[in-house]
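Following: one structure in structure tokens, then a few remarks.
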Amino acid sequence: MAEFELQRVALSTGIELDVAVAGDPANPAIILLHGFPESHRTWRHQIPELAEDHFVLAPDQRGFARSDKPAGVANYTPDKPVADLIALADRFDIDRFTLVGHDWGGAIAWMAALNHPDRVARLVIVNAPHPFIFQKSLFDDPAQRAASQYITAFRNPDFDAYLDRVGLADFFDNSFMRHVDGAKIAAEKPIYLEQWGQPGAMTAMLNWYRASAVQVPGMDETPTRPAFLDAPFPPLRMPTLVIWGMDDQALLPVQLEGLDALVPDLTIDRLDGVGHFAPWEAPEQVTNAMRAWLAPRERGA
């Protein structure tokens, strides 16, 4: 299988990112976006497989690992990583591409597809909710609201001091490990701790949550309902594959309800017995689902 090279790439947004680059630039381009609290290594199983017949880019997004970490919450509003994505494609002279996103990377992928349909030819989402359905579920679904209360904790400015007090190893063992199969991630622990330990990394990573406009009501709150939840939402026109680990404890299956009304050309692949971190919890299933879905659509293009 092909290997990948980690390159330092300066973007027109003023940000420098570490980017895993693999495959022949003459092949169809595919960009992979990771989420919290990871890096390009979210896709460590998919990159070499996809690079056999694609040109693959998998950045460490702003704030993560050794990529730039601009100070201040305002530098992590979703439009900023979307701009990084488009600048990354421009930097490699890529016009249209398949975009793949997991977790926060999926949130950025949804937004990029909605705002740049001229650039995103095909969309693949792995356990990342559509923005309309996610916000709606936080108001209308008590189970999803309960599952998302960690977001409020992450937004608390005192959370950084808590991490300093307990240490990153404790956060790995007692928070992160609750959502993963320990046997599948134990060997990666030193890599996570090294990346999280980069100066300013944890604050920058948490700033993604703090900069988001998503409202997470408390369990006993009845806040004013956002008006856009009861208004038409623009449909997504490109072909879209959603791969969902059905045992995800943070993002519940309610995120799939009504998705077909917002994404007319939709394929959903439900992975039973798989949790939130599907790309490495079930790498063969994820890779095979992507390949089987991409092949006829790329031939048609």
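Index from 1, following the sequence.
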*asked:* Check R66 with D18, please: is the shortest side-chain N to carboxylate O separation under 4.0 Å?
replied: no
*Just by modelled atom types, is the A65 backbone N or O under 3.5 Å from a matching donor or acceptor in the Q198 side chain?*
no
*Is a side-chain donor or acceptor of R122 paired with a backbone partner of V100 at a separation under 3.5 angstrom?*
no
*Report yes if some heavy atom in the side chain of V216 is under 4.5 Å from a heavy atom in the side chain of V214; otherwise report no.*
yes
*R119/D95 salt bridge by N-O under 4.0 Å criterion*: yes
*From L241 CG over to L294 CG, what is the distance, rounded to the nearest 0.5 angstrom?*
7.5 Å
*asked:* For the backbone of N156 and the side chain of R210, can you confirm whether one donor and one acceptor N or O come within less than 3.5 Å of each other?
replied: yes
*For Q149 and G218, indicate whether the former's side chain and the latter's backbone hold a donor-acceptor pair under 3.5 Å.*
no
*Does a side chain donor of either H40 or D60 reach within less than 3.5 Å of an acceptor in the other side chain?*
yes
_If we ignore hydrogens and angles and just use 3.5 Å, is the side chain of W110 paired with the main-chain N or O of G105 as donor and acceptor?_
no
*Nearest 0.5 Å, what's the CG-CG distance between D90 and L11?*
9.5 Å
*Nearest 0.5 Å, what's the CZ-CD distance between F134 and Q215?*
12.0 Å
_Carboxylate-amine/guanidinium contact D170 R165, below 4.0 Å_ = no
*Are the charged groups of K136 and D141 less than 4.0 angstrom apart, N to O?*
no
*List the steps, then state whether side-chain contact (heavy atoms from CB on, under 4.5 Å) holds for D269 with W293.*
CA-CA 10 Å; D269 196 330; W293 182 83; over 6 Å; no
*Please answer whether the main-chain N or O of H276 pairs with a side-chain N or O of W244 as donor and acceptor at a distance below 3.5 Å.*
no
*Run the salt-bridge test on D248 and R270 with the 4.0 Å N-O cut-off and return the result as yes or no.*
no
*How about L138 and P217: do any of their side-chain heavy atoms sit closer than 4.5 Å?*
yes
_As a test of understanding, state which of N27, V19, I47 forms a side chain to side chain contact (heavy atoms under 4.5 Å, CB included) with V56._
I47
*Under 3.5 Å, is there a donor-acceptor pair linking the side chains of E38 and W280?*
yes
*So does E284 have more than 12 non-hydrogen atoms from other groups sitting under 6.0 Å from CD?*
no
_Check: I133 main-chain N/O paired with Q135 side-chain donor or acceptor under 3.5 Å_ = no
_Does K189 form a salt bridge (Lys or Arg N to Asp or Glu O under 4.0 Å) with D173? I'd like the steps, not just the answer._
CA-CA 9 Å; K189 180 176 179 178; D173 292 337; 3.0 Å; yes
*asked:* Counting only heavy atoms not in Y162 (residues, nucleotides, ligands), do more than 12 fall under 6.0 Å from its OH?
replied: no
_Using 30° and 60° as the class boundaries, would you call the ring planes of H130 and F233 parallel, tilted or perpendicular?_
perpendicular
*Report yes or no: does R91 contribute a side-chain atom to a donor-acceptor pair with the main-chain N or O of L88 at less than 3.5 Å?*
no
*Between F154 and F36, is the ring centre distance below 6.0 Å?*
yes
_Exercise: do Q144 and Q255 side chains pair donor with acceptor under 3.5 Å_ = yes
*Sub-6.0 Å ring centroid separation between F176 and F171*: no
_Looking at R155 and S212, would you say the former's side chain and the latter's main chain have a donor-acceptor pair under 3.5 Å?_
yes
*Check whether any side-chain N or O of T287 sits under 3.5 Å from a backbone N or O of P283 as a donor-acceptor pair, and report yes or no.*
yes
*Less than 6.0 Å separating the ring centroids of Y76 and Y209?*
no
*Scan side-chain atoms only and decide if S39 and Q195 contain a donor-acceptor pair under the 3.5 Å cut-off.*
yes
*Consider only side-chain heavy atoms of I, L, V, M, F, W and Y, link residues closer than 4.5 Å, and tell whether W208 and I151 are in one cluster.*
yes
*D84/R62 salt bridge by N-O under 4.0 Å criterion*: yes
*asked:* Does E16 form a salt bridge (Lys or Arg N to Asp or Glu O under 4.0 Å) with R8? I'd like the steps, not just the answer.
replied: CA-CA 7 Å; E16 291 188 2; R8 189 72 172 182; 3.2 Å; yes
*asked:* Can you tell whether the side chains of D53 and R291 come within less than 4.0 Å, N to carboxylate O?
replied: yes
*Candidates L236, I125, V242 - the one meeting side chain to side chain contact (heavy atoms under 4.5 Å, CB included) with L259*: V242
*Strictly under 6.0 Å, is that where the ring centroids of F64 and W104 end up?*
no
*Quick one: do I243 and W43 end up in the same hydrophobic cluster if we chain Ile, Leu, Val, Met, Phe, Trp and Tyr together by side-chain heavy atoms under 4.5 Å apart?*
yes
